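Structure first, then comments.
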Amino acid sequence: MVEPAFVCHGGAGHGARDQPGVDLACEAAWDVLTSGGTALQAVLDAVMIMEDDPRLNAGTGGRVRDDGSVQLDAAVATSDGRLGMVMVIEETPNPVLVAAELLDEPYHALAGEGARTWADSKGIERTPVVGSPRPVATDTVGAIARDRSGALAVASSTGGCTGRPAGRVGDTPMWGSGLWCDANIVVAATGIGESIIEELIAYRVAAEHQRNGGDLGAALDWGIDQFSPEIQVGLISLDAAGGGRGLANTGMPWAAQP
Ligand code: ASP
């Protein structure tokens with residue numbers, strides 16, 4: 001049996017004020033993992049708790065776009081190669097559920113009103129999302145887990161960055177940029193999505209971890225070093241064997257178990 005492990009974050013750019021919401025999500029996910037639940041269930045439970053927390057920029061409390069809309073992005077991936085990504089969806093307080101529904105479909109990504117209509121067909125409630133005009137540039141929520149079978153999973157969810165037009169998509173639902181998960185490592189990113197996409201950072205941290213012989217701390221240091229200090233960025237990661245960790249070049253509430 002493998003030792004379970006879990007890490008979640010409340011977004012690069014956020015401070016200690018948001019730590020309680022992140023701690024709550026971590027505790028709930030840890031209960032799932034220590035009761036024999038799957039890594040996928042743990043990350044979904046954690047992200048839903050954070051989506052429902054109006055302090056955090058995901059689901060309820062998601063960033064309001066320049067035109068006043070609340071458009072949300074989310075993604076889920078598992079180490080058995082399944083992937084689901086949803087972009088700029090409206091009227092969906094828990095977009096991570098839509099991403100999770102996509103895991104077993106023959107397509108990976110849905111966007112906009114098409115995604116919302118598809119979510120209707122899956123019975124995912126259509127309801128207005130109360131956004132947050134809070135003037136913070138970045139943040140997102142993310143969770144990664146390893147369960148007793150050794151399976152890894154990641155889920156992330158965001159309202160995007162302040163000052164972005166309707167229709168803009170950041171890194172969060174972009175495979176290889178905002179998230180990566182294979183049998184050896186799982187990575188989630190947060191921060192300025194445009195820069196994270198340019199660096200393809202989640203995949204490249206995984207590649208660096210493999211190149212350096214499995215030193216997770218060094219791979220995260222390397223990842224953060226790819227960004228100039230004025231670009232807010234944070235990473236969480238967990239590999240197949242050890243404990244997980246988070247690292248950011250700015251404030252980032254995060255929590256880990258064990
Ligand atoms: N990466 C997200 C985005 O650009 C925001 C964040 O994580 O702070 O949409």
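What you see below is based on every heavy atom in this structure, not just the backbone, and it leaves out hydrogens, waters and symmetry mates. Source: prediction; values computed, not measured.
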Report yes or no: do [X] and [Y] belong to one cluster of Ile/Leu/Val/Met/Phe/Trp/Tyr joined by side chain heavy-atom distances under 4.5 Å?
X: M252; Y: I49; result: no
X: V32; Y: V141; result: no
X: W254; Y: L24; result: no

If I compare all heavy atoms of [X] with all of [Y], which pair ends up nearest, and what's the gap?
X: G223; Y: V205; result: CA-CG2, 3.8 Å
X: V86; Y: A115; result: CG2-CB, 3.8 Å
X: C161; Y: G191; result: SG-O, 4.2 Å
X: A256; Y: G244; result: CB-O, 4.3 Å
X: S156; Y: V47; result: N-CG2, 4.4 Å
X: I224; Y: G234; result: CD1-CA, 4.2 Å

Exam field: side chain [X] to backbone [Y], donor-acceptor pair closer than 3.5 Å:
X: D67; Y: S69; value: yes
X: D73; Y: M87; value: no
X: H9; Y: P253; value: no
X: Q226; Y: I201; value: no
X: T172; Y: A74; value: no

Checking L44 against V96 for the side chain to side chain contact (heavy atoms under 4.5 Å, CB included) test, could you report, in this order, the C-alpha distance in whole Å, the side-chain angles of both residues, the deciding distance, and whether it holds?
CA-CA 7 Å; L44 293 179; V96 76; 3.9 Å; yes
Could you check whether any side-chain heavy atom of [X] comes within less than 4.5 Å of a side-chain heavy atom of [Y], counting everything from C-beta outward?
X: I185; Y: L238; result: no
X: R245; Y: L216; result: yes
X: P95; Y: E51; result: yes
X: W175; Y: L83; result: yes
X: Q71; Y: V129; result: no
X: V233; Y: I192; result: no
X: W222; Y: R204; result: yes
X: R63; Y: V70; result: no

Run the salt-bridge test on [X] and [Y] with the 4.0 Å N-O cut-off and return the result as yes or no.
X: E105; Y: R82; answer: no
X: R65; Y: E90; answer: no
X: E113; Y: R116; answer: no
X: D53; Y: R55; answer: yes

As an exercise, state the distance from [atom1] of [X] to [atom2] of [Y], rounded to the nearest 0.5 Å.
X: L40; Y: L103; atom1: CG; atom2: CG; answer: 6.0 Å
X: S177; Y: L200; atom1: OG; atom2: CG; answer: 4.5 Å
X: R148; Y: T38; atom1: CZ; atom2: OG1; answer: 12.0 Å
X: D31; Y: C26; atom1: CG; atom2: SG; answer: 10.0 Å
X: L152; Y: D80; atom1: CG; atom2: CG; answer: 10.0 Å
X: E3; Y: L33; atom1: CD; atom2: CG; answer: 11.0 Å

Evaluation steps, side chain to side chain contact (heavy atoms under 4.5 Å, CB included), between V43 and V154
CA-CA 6 Å; V43 295; V154 54; 5.7 Å; no
L247 vs D221, test: side chain to side chain contact (heavy atoms under 4.5 Å, CB included). Steps then yes/no.
CA-CA 8 Å; L247 188 67; D221 284 339; 3.2 Å; yes
Using the rule given for side chain to side chain contact (heavy atoms under 4.5 Å, CB included), can you reason through E194 versus R164, listing the C-alpha separation, both sets of side-chain angles and the distance that settles it, and then say yes or no?
CA-CA 11 Å; E194 286 69 17; R164 298 295 194 275; 3.1 Å; yes
Just by distance, with hydrogens left out, do D239 and N184 show a side-chain donor and acceptor under 3.5 Å apart?
no
Are side-chain N/O atoms of D120 and W118 paired as donor and acceptor at under 3.5 Å?
no
Tell me whether the centres of the aromatic rings in F6 and W30 are closer together than 6.0 Å.
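So the answer is no for these two rings.
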For the CZ atom on F227, are there more than 12 heavy atoms of other groups (residues, nucleotides or ligands in this structure) within a distance under 6.0 Å?
yes
So, applying side chain to side chain contact (heavy atoms under 4.5 Å, CB included) with T158, which one of T190, N57, D171 is it?
N57
